[in-house]
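In what follows, a structure is listed as structure tokens, so that the remarks can point back to it.
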Number of protein chains: 2
Amino acid sequence: MRRPPTIIDVASYAGVSKSSVSNVLQGKRTVDETIRKRVLDAIDELGYRPNAGARYMRQRSKVLGVVVDDLTNPFHAELATYIEAYAAKRMHSILLVVTGSQLEHQSSRVRSLVEHRVAAMMFLSAPGKKALELVGPEIRKVFVGIRMAKELSIAVDDSAGTSLAVEHLAALGHKKIGFVSAMLGNDPNVEAARFKGYQHGMRVAGLGVEEAHLLREVGARNSEPSPNYQEILKQFLGRRNRPTALVAALDRVALEIISAADALGIRIPESLSLVGFDDITIASHSRIALTTIAQPMKDLARLVVDAAIDGPSAVAGGKPPASIFLPPRLVVRRSTAQAPTKR
Amino acid sequence: MRRPPTIIDVASYAGVSKSSVSNVLQGKRTVDETIRKRVLDAIDELGYRPNAGARYMRQRSKVLGVVVDDLTNPFHAELATYIEAYAAKRMHSILLVVTGSQLEHQSSRVRSLVEHRVAAMMFLSAPGKKALELVGPEIRKVFVGIRMAKELSIAVDDSAGTSLAVEHLAALGHKKIGFVSAMLGNDPNVEAARFKGYQHGMRVAGLGVEEAHLLREVGARNSEPSPNYQEILKQFLGRRNRPTALVAALDRVALEIISAADALGIRIPESLSLVGFDDITIASHSRIALTTIAQPMKDLARLVVDAAIDGPSAVAGGKPPASIFLPPRLVVRRSTAQAPTKR
DNA sequence: TTGTATGCGTTATCAT
DNA sequence: ATGATAACGCATACAA
């Protein structure tokens, strides 16, 4: 048989009408047990699989769109994995588009999603305005790990996370605590929130924020570490009055800091403490052993999928769109230690 | 307007028949320029997007299925990114399913792909027999980075890769070169091919393969490193007569070896040289600096997508299904060094 | 060149 | 409880 069997083939094979087959497929209770069995056997015999495309012409699609700028980002890859897993549990499929850094390409990929009439779109990275306008109000939008004004965002409490980081460092006796976020693609709002948490943490600890301890110039969004990022970092770390501890806006940045520090002979944690953010898998490797702020990825995934399928009200109690923030968790490893004693 | 506009809405708005709209959409040259413009304007005005599901009932689907067991595996994530990018360039979308380690779940995810009538399925991980049988002959199957008998497989030349690794180590004066592959999920055939390349490399170098220098017990497939994997590794590395150099079947295994060696105080590369396989992103980090065998991921992605869209004959000259193997590349970093002088 | 009619596989409505 | 039939949105063969 060249082409896959249709519901009609099943019906005629089972000697019933296609309506009955459909009823069996839909799990309707009104169908007689003997007929149900005949249909089930026919399906099995013919290897029939319902055509999802045809089905979605009459029913709500069970496909969820995921848009991410860079799957190579371990945090995104891990989050996407959890999302797919939970979506599958809820009988939904994932149409994945990765947009890369080019804005036009982004629109084209998002357009593809709307043409597929996905039930909802989940954004792991902030889309451009153009791309966002494409999607229209009939398709549900949920933002994960990033913040989008006027839209439902589900994320870790970024500010609380960096506050936690500062608190941890302050408890270790650090006074000169810096913050670096530059040039590694992430949502600007997220960066801002994490910086805010850092500021807040400093205030609570009774510490002052010095401009010289900050590295925040924002480069191209959604981009790989630029070749000269290491140089910038080295210059920052090479300063006479450099911080004794650093809060990195993401683990990826922390990884770069480690490289720069190594190159400069600055020992971590002996003479520089470092806290990351995200707790990507490699952070736990013995060579890295990064103290970091872990995101509750499974909860994030569950909530975002629920919101995508059931609507915002299913996860947000009040009047959506309201954002919901989950608590972060400090994971202490070996990149942080007691502040060096004053020389 | 509650529901998205259809081709009929566009037609009536433009004052033409739906056929003309369709013709414009299909890029037919036969349509009058003035009508084409009217249609295009109407589309723009209404924000019309063709319904892909409905379209695919008459045309070949432009959705490609990707099945992977674990997106957390950096090699898979990177490969998937390239695949999506090239598929997009060819105007196709990616329906992604991640199967995890459970076999039944695997079938369910693959079933979902066939119900969506994807144009082709691309396997980044070896599926179980059950899952494979589900998919039937009308859906094209391509295997990437793994080997499947009787099917089109596109992969790096695994044997050549590990041979390269051995050659590199032998050139550095190593005699006792081991091979470890145990317990980190991968296709058994791939493991076998890489081991074969190791053996061949040893033979060419005039070196003998000793059983004691091998760690190949295969644990659960498709699984995360088990908790006691470190223990096994430490025991292996702690032996009196351990190899002075190791070929790891994948970078992920190499990462584990590094941890174990560190824990034992075995210095890399001074007293143990190590070569990985895949060249995942983290391998280039200064703390890891892993000498490894790089796969031509972009070429892999391009070929597999072409094969998925155009059929096996588009990439394989002869009579498909034939497998095609791409040459690997040795990337030398700092995990390999001259063999320690005999004591 | 443009419009009309039909089919694609499924669900949903409505008689029976 | 079951079956006939009308949508669903689009492409295509054919007629005009």
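The chains referred to below are lettered A, B, ... by the order of the sequence lines, with proteins before strands, and numbering in each begins at 1. Basis for what follows: all heavy atoms, side chains included, without hydrogens, waters or symmetry-related copies.
- A:S20 has a side-chain polar atom (N or O) that falls below the 4.0 Å cut-off from OP1 or OP2 of D:dG3.
- With contacts defined as side-chain heavy-atom distances shorter than 4.5 Å, the pair B:E104/B:S108 does not qualify.
- For the pair A:E78 (side chain) and A:T281 (backbone), a donor-acceptor distance under 3.5 Å is present.
- Counting only heavy atoms from C-beta on, B:R58 has its side chain closest to C:dG7 among C:dG7, C:dT2, C:dT11.
- The closest side-chain donor-acceptor pair between A:Q26 and A:Q59 falls under 3.5 angstrom.
- Among the atoms of the strands shown, none is found under 4.0 Å from any heavy atom of B:V21.
- Taking for each of B:E33 and A:A54 the nucleotide of DNA chain C with the nearest heavy atom, the 5'-most of the two is the partner of B:E33.
- Taking side-chain N and O atoms only, B:Y48 has a distance below 4.0 Å to OP1 or OP2 of D:dC10.
- Distance from the side chain of A:M57 is smallest for D:dG9 among the nucleotides D:dG9, D:dC10, C:dT2.
- Taking atom CD of residue A:Q26 and atom P of nucleotide C:dT10, one finds them 11 Å apart after rounding to whole Å.
- Taking for each of B:G15 and A:P50 the nucleotide of DNA chain C with the nearest heavy atom, the 5'-most of the two is the partner of B:G15.
- The base of C:dA12 is not paired with the side chain of A:S22 by any donor and acceptor separated by under 3.5 Å.
- The side chain of A:I35 lies closest to D:dT2, out of C:dG9, C:dT10, D:dT2.
- An OP1 or OP2 oxygen of D:dG3 is reached within less than 4.0 angstrom by a side-chain nitrogen or oxygen of A:S17.
- When each of D:dT2, D:dC10, C:dT11 is scored by its nearest atom to the side-chain atoms of A:R55, the top-ranked nucleotide is C:dT11.
- A donor-acceptor contact shorter than 3.5 Å links the side chain of B:D9 to the backbone of B:T6.
- Distances shown here put a side-chain N or O of A:R3 below 4.0 Å from the OP1 or OP2 atom of C:dG9.
- If you check D:dT12, C:dA12, D:dG9 against the side chain of B:Q59, the one that comes closest is D:dT12.
- When distances run from any side-chain atom of A:K18 to the nucleotides D:dT2, C:dT2, D:dA6, the shortest one goes to D:dA6.
- Of the candidates C:dC8, C:dT11, D:dT2, the closest approach to any side-chain atom of A:D32 belongs to D:dT2.
- Between A:Y13 atom OH and C:dG9 atom C1' the separation is 21 Å, expressed in whole Å.
- At the heavy-atom level, A:S19 lies under 4.0 Å from base atoms of the strands shown.
- A ring-ring contact (aromatic ring centres under 6.0 Å, His included) check over residues 117-150 of chain A, counting only residues at least two apart or in different chains, returns the pairs A:F123-A:F143.
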